[in-house]
Amino acid sequence: MTAPEGLAGVLGGPVLTVAPALLGARVTHAGVTVRLTEVEAYAAAGDPGSHAFRGRTARNGAMFGPAGRLYVYFTYGMHFCANVVTGADGEASAVLLRAGEVVAGGDTARRGRDHLRERDLARGPARLAVALGLDREHDGLDLLDGTLVLAQPPADPARVRTGPRVGVSGEGGDGSRFPWRFWLDGEPTVSPYRPAVRRRRG
DNA sequence: GCCAGGATGTTCT
DNA sequence: GAACATCCTGGCA
């Protein structure tokens, strides 16, 4: 039995503590359950990669809400990304759900993508959101209502690995990157590190 | 199997 | 007007 109070207490802690705690956690939505295998931490203070770095906007409003809520945003014109809001109310920290393993409802998670393997259904932030059926309408969704369940027992810290975030440009003016990416070593659903891709301006 | 490039809409300066 | 926390397809080895 997972007490919602305990979950809220964990999510209310520092984002760098919450992120590894989410590894192995299960997210159930729209009949699909995904076990998280890769996440990224995003904070507001001193984090140029965070949407909340420049303050609150109409889009990232959910980030400033209480911990345990869902923050969904639309990016690249066709992809949704799901985040778990963490930290204290108004702290504007969140954890991006980068990848996961579909453990239940794989048939539903396919959503017409039969050519994809089941392990690839939730590989990548956008695919993860698609697999769970999350879209902008679910922005601000309360995850404490059984949608998010922490791993019991928690993931072994020895399996948790950290590294630089992916796709975040301008990693700190100080030159130091933010090794705020967490993943479970040995998980096939975690894609290897991919250096930033140079996009040509159309 | 790996690498490279294009597509697509919203958001912010 | 430019950038974006990405994914998919095609081409080549």
Side-chain angles (χ1 to χ4, degrees), chain A residues 15-16 18-20 22-23 27 34 36-65 69-87 91-102 109-141 143 161-173 176-183 188-202:
Chain A
V15 65
L16 293 181
V18 178
L22 287 176
L23 291 175
V27 179
V34 171
L36 301 178
T37 58
E38 184 181 0
V39 299
E40 276 184 11
Y42 284 88
D47 185 1
S50 174
H51 283 175
F53 177 66
R54 290 183 291 186
R56 181 182 177 279
T57 62
R59 177 169 65 162
N60 60 24
M63 268 183 93
F64 289 79
R69 296 220 171 187
L70 191 69
Y71 168 47
V72 180
Y73 67 91
F74 198 68
T75 188
Y76 285 98
M78 47 184 168
H79 296 302
F80 292 99
C81 291
N83 304 249
V84 176
V85 179
T86 68
E91 192 171 317
S93 59
V95 176
L96 170 66
L97 309 182
R98 286 204 60 86
E101 176 188 5
V102 178
R110 266 183 283 176
R111 296 189 61 179
R113 299 189 171 185
D114 203 10
H115 56 89
L116 287 179
R117 293 185 178 180
E118 189 168 346
R119 71 174 188 180
D120 292 335
L121 288 176
R123 191 163 106 171
R127 290 181 184 173
L128 180 67
V130 172
L132 288 174
L134 296 173
D135 54 24
R136 57 186 303 174
E137 294 181 357
H138 299 96
D139 186 34
L141 182 71
L143 297 175
R161 303 203 59 168
T162 62
R165 292 183 295 191
V166 180
V168 181
S169 60
E171 288 277 58
S176 62
R177 294 183 178 178
F178 295 83
W180 290 355
R181 177 170 168 242
F182 301 85
W183 70 92
T189 54
V190 179
S191 59
Y193 173 71
R194 205 168 69 184
V197 180
R198 296 177 183 173
R199 295 185 60 260
R200 294 183 61 185
R201 289 175 294 182

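Keep in mind it's a predicted model, so treat the numbers as computed, not measured. Below, read A as the first sequence line, B as the second, and so on, with proteins coming before strands; counting in each chain starts at 1.
- Straight-line distance from the NE2 atom of A:H51 to the P atom of B:dT11: 11 Å, rounded to whole Å.
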How would DNA chain B look in dot-bracket form, 5' to 3', counting Watson-Crick and G-U wobble pairs with both distances under 3.5 Å and writing | for bases paired to another strand?
-> |||||||.||||.
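- The nearest whole Å value for the distance from the CZ atom in A:R54 to the P atom in C:dA3 is 12 Å.
- Listed nucleotides C:dT6, B:dT11, B:dT13 differ in distance to A:R59; the shortest reach to its side chain belongs to B:dT11.
- For A:R110, the side-chain hydrogen bond (donor to acceptor under 3.5 Å, both in side chains) criterion is met by A:D107, A:D114, not counting sequence neighbours.
- In this structure, A:M78 and A:R136 both approach DNA chain B, and ranking their closest nucleotides by distance from the 5' end singles out A:M78.
- In this structure, the aromatic ring of A:F74 is not positioned over the six-membered ring of the base of B:dG9 within 5.5 Å between centres and 30° between planes.
- Note on A:R181 versus A:E38: salt bridge recorded, some NZ/NE/NH1/NH2 to OD/OE distance being below 4.0 Å.
- We find that A:D139 and A:R136 are not joined by a salt bridge, their nearest charged nitrogen and carboxylate oxygen being 4.0 Å or further apart.
- Below the 3.5 angstrom threshold, one finds a donor paired with an acceptor across the side chain of A:Y73 and the base of C:dA5.
- Here A:H51 and A:Y73 bring their ring centres to under 6.0 angstrom of each other.
- Remark: A:R54 pairs with no residue by the salt bridge (Lys or Arg N to Asp or Glu O under 4.0 Å) rule, at least two apart or across chains.
- Shown here for A:S50 and A:A43, the closest heavy-atom pair between the two residues is CB-O, 2.6 Å.
- Residue A:H79 has its side chain nearest to C:dC7 when only C:dA5, B:dT13, C:dC7 are considered.
- If you take CE of A:M63 and P of B:dC12, they are 13 Å apart, rounded to a whole angstrom.
- Computed from coordinates, the A:N60 CG to B:dT10 C1' distance equals 13 Å when rounded to whole Å.
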